[in-house]
Amino acid sequence: MNRDTSGIRRDYDKDQLDESQLIANPTELFQKWLDEAIKSKNIEPTAMVLSTIETDSGSPTSRVVLLKGIVNGKFRFFTNYYSRKSKEIEQNSHVSLNFFWPELEKQVRIHGNCERMSSEASDEYFSSRPKDSQIGAWVSHQSSPLESREIIEDQFSAMTEKFEGQEIKRPDYWGGFEITPNYFEFWQGRVSRLHDRFEYRLKTNMSWDVQRLYP
């Protein structure tokens with residue numbers, strides 16, 4: 001079955017990005033754009049596409065995760081350490097992130113090195129999660145085969161009963177990663193597909209080279 005989507009298009013005319021709007025530290029510019037995305041009523045302003053490298057084939061693989069903070073310039077997210085993405089990160093720590101906010105016609109690409117967060121930082125975040133989410137972390141063997149929906153629902157019910165009236169500790173196979181960026185690209189949609197693009201590349205002295213790119 002074929003599906004032609006070539007006629008679906010729109011022009012971008014909400015904003016522009018020029019040199020006067022750039023900030024020396026790209027993380028600060030990102031946070032400015034993120035604040036705008038939050039105010040724009042985007043349904044998931046912290047959603048980001050995380051891309052890793054599949055261990056056996058060397059192929060890129062992507063999924064959407066949620067940004068859970070930027071601390072000392074490092075981008076944080078949380079997951080099951082037995083998941084496919086975690087295993088891929090353990091084998092190759094080079095990852096990329098992609099944020100797209102259609103309401104603003106803005107996109108940000110980030111490359112960097114990904115490492116596990118400290119147990120203390122993971123404990124702190126886990127304790128802030130809703131109880132059902134905490135139980136979900138205990139129940140889900142993320143990325144493993146699951147024979148039926150009923151199995152995980154039964155496990156969730158059993159674990160809910162087990163933890164009734166108790167503080168739920170973080171399972172040691174669940175926690176955070178943080179990404180230290182070495183590359184940013186800021187994209188602002190413009191009319192006639194003449195988009196504004198600026199890349200930041202990290203230099204060895206911890207400053208950034210900035211370059212405008214063709215769209």
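No hydrogens, no waters, no symmetry mates; every other heavy atom, side chains included, goes into these values.
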Val65 versus Thr79: any side-chain heavy-atom pair under 4.5 Å? no
When hydrophobic residues are tied together by side-chain contacts of less than 4.5 Å, even through go-betweens, does Leu22 share a cluster with Ile110? yes
Testing the 3.5 Å rule here: is there a donor-acceptor pair between the side chains of Gln134 and Lys169? no
If you define the side chain from C-beta out and look only at heavy atoms, does anything of Asn98 sit under 4.5 Å from Gln107? yes
Asp132 and Phe156: which non-hydrogen atoms are nearest, and at how many Å? O-CE1, 3.5 Å
All side chain to side chain contact (heavy atoms under 4.5 Å, CB included) counterparts of Asn92, not counting sequence neighbours: Ile53, His94
To the nearest 0.5 Å, what is the distance between CD1 on Ile179 and NE2 on His111? 11.0 Å
As an exercise, state the distance from OG1 of Thr5 to CZ of Arg9, rounded to the nearest 0.5 Å. 10.0 Å
Nearest 0.5 angstrom please: Ser40 OG to Glu105 CD, how far? 11.5 Å
Report whether Phe186 and Leu202 are members of the same hydrophobic cluster (ILVMFWY, side-chain heavy atoms less than 4.5 Å apart, transitive linking). yes
Within a radius of less than 6.0 Å around CG of Asn2, do more than 12 heavy atoms belonging to other residues, nucleotides or ligands occur? no
I'd like to know if the side chain of Ser143 and the backbone of Ser83 have a donor-acceptor N/O pair within less than 3.5 Å. no
Are Ile168 and Tyr125 connected, step by step, through hydrophobic side chains (Ile, Leu, Val, Met, Phe, Trp, Tyr) whose heavy atoms are closer than 4.5 Å? yes
Flag yes if more than 12 heavy atoms outside Phe163 fall under 6.0 Å of its CZ atom; otherwise flag no. yes
Any idea which heavy atoms bring Trp208 and Pro181 closest together, and the distance? CH2-O, 3.8 Å
Rounded to the nearest 0.5 Å, what separates atom CG in Asn25 from atom CE in Met206? 9.0 Å
Go through the steps for Asn113 and Thr180 under the test side chain to side chain donor-acceptor pair (under 3.5 Å), then give the verdict. CA-CA 5 Å; Asn113 190 65; Thr180 303; 5.9 Å; no
Between Asp18 and Ser20, does a side chain to side chain donor-acceptor pair (under 3.5 Å) hold up when you go through it step by step? CA-CA 6 Å; Asp18 60 38; Ser20 67; 2.4 Å; yes
Donor-acceptor contact present, side-chain Arg190 to main-chain Leu194, <3.5 Å: no
Taking atom CD as the centre, does Glu147 end up with more than 12 heavy-atom neighbours from other residues, nucleotides or ligands that are less than 6.0 angstrom away? no
Euclidean distance, Ile70 CD1 relative to Glu28 CD, rounded to 0.5 Å: 11.0 Å
Within the distance-only criterion (no hydrogens, no angle test), does the side chain of Tyr173 pair as donor or acceptor with the backbone N or O of Trp138 below 3.5 angstrom? yes
Cluster check Leu66, Val95: I/L/V/M/F/W/Y, side chain < 4.5 angstrom: no
With Thr55 via side chain to side chain contact (heavy atoms under 4.5 Å, CB included) - residues at least two apart: Glu88, Gln91
Quick one, Trp174 with Phe126, criterion side chain to side chain contact (heavy atoms under 4.5 Å, CB included). Give me CA distance, side-chain angles, the key distance, then yes/no. CA-CA 9 Å; Trp174 191 97; Phe126 187 81; 3.6 Å; yes
Rounded at 0.5 Å granularity, tell me how far CZ in Phe30 sits from CG in Leu97. 8.0 Å
I'd like to know whether Leu104 forms a side chain to side chain contact (heavy atoms under 4.5 Å, CB included) with Lys14, so could you lay out the CA-CA distance, the side-chain angles of the two residues, the decisive distance to 0.1 Å, and finally the verdict. CA-CA 7 Å; Leu104 303 176; Lys14 290 190 174 182; over 6 Å; no
Does Asp209 pair with Lys203 as a salt bridge, N-O distance under 4.0 Å? yes
Donor-acceptor pair, Tyr81 side chain versus Gly176 backbone, under 3.5 Å? yes
Do Val210 and Leu29 share a hydrophobic cluster, counting only Ile, Leu, Val, Met, Phe, Trp and Tyr and linking them when any side-chain heavy atoms are less than 4.5 Å apart? yes
Is the shortest side-chain N to carboxylate O distance from Arg116 to Glu178 below 4.0 Å? no
Look at the side chain of Glu44 and the backbone N and O of Ala47, then say whether any donor-acceptor pair between them is shorter than 3.5 Å. no
Chi angles and distances behind the side chain to side chain donor-acceptor pair (under 3.5 Å) call for Glu115, Ser93: CA-CA 7 Å; Glu115 298 178 319; Ser93 63; over 6 Å; no
Heavy atoms of other groups near Lys162 NZ, more than 12 under 6.0 Å: no
Does some side-chain heavy atom of Leu34 sit less than 4.5 Å from a side-chain heavy atom of Phe99? no
Asp196 and side-chain hydrogen bond (donor to acceptor under 3.5 Å, both in side chains): which partner among Gln21, Arg212, Gln188, Gln16? Arg212
One pair to check against side chain to side chain contact (heavy atoms under 4.5 Å, CB included): Phe78 and Met117. What are the steps and the verdict? CA-CA 9 Å; Phe78 295 84; Met117 290 167 47; 3.6 Å; yes
Would Lys32 and Glu36 pass as an ion pair if we require N to O under 4.0 Å? yes
Testing the 3.5 Å rule here: is there a donor-acceptor pair between the side chains of Lys68 and Thr46? no
Show your working on salt bridge (Lys or Arg N to Asp or Glu O under 4.0 Å) between Arg149 and Glu153 and close with a plain yes or no. CA-CA 6 Å; Arg149 175 78 186 184; Glu153 289 181 346; 3.0 Å; yes
Salt bridge flag under 4.0 Å for residues Glu124 and Arg170: no
Is any side-chain heavy atom of Gln211 closer than 4.5 Å to a side-chain heavy atom of Arg201? no
Please report whether the ring centroid of Phe177 lies less than 6.0 Å from that of Phe77. yes
Is it the case that more than 12 heavy atoms not belonging to Gln166 sit under 6.0 Å from its CD atom? yes
Hey, are Glu199 and Arg197 close enough for a salt bridge, meaning a charged N less than 4.0 Å from a carboxylate O? no
If you define the side chain from C-beta out and look only at heavy atoms, does anything of Tyr12 sit under 4.5 Å from Trp187? yes
Looking only at heavy atoms, the pair that brings Asp11 and Ser192 closest together is OD1-N, 3.1 Å
Has Ser140 got a side-chain atom pairing as donor or acceptor with Ala137's backbone, closer than 3.5 angstrom? no
Are Leu50 and Val64 close enough, and set up right, to give a side chain to side chain contact (heavy atoms under 4.5 Å, CB included), and what steps lead you there? CA-CA 6 Å; Leu50 168 68; Val64 175; over 6 Å; no
Under the 6.0 Å and 45° cation-pi test, does Lys106 pair with Trp33? yes
Please answer whether the main-chain N or O of Thr61 pairs with a side-chain N or O of Arg63 as donor and acceptor at a distance below 3.5 Å. yes
Minimum-distance pair of heavy atoms, taken over all atoms of Phe100 and Pro102: O-CD, 3.4 Å
Heavy-atom closest contact (Phe198 atom, Leu17 atom, distance): CE1-O, 3.5 Å
Compare every heavy atom of Ser62 with every heavy atom of Val49, then report the nearest pair and how far apart it is. CG1-CB, 3.8 Å
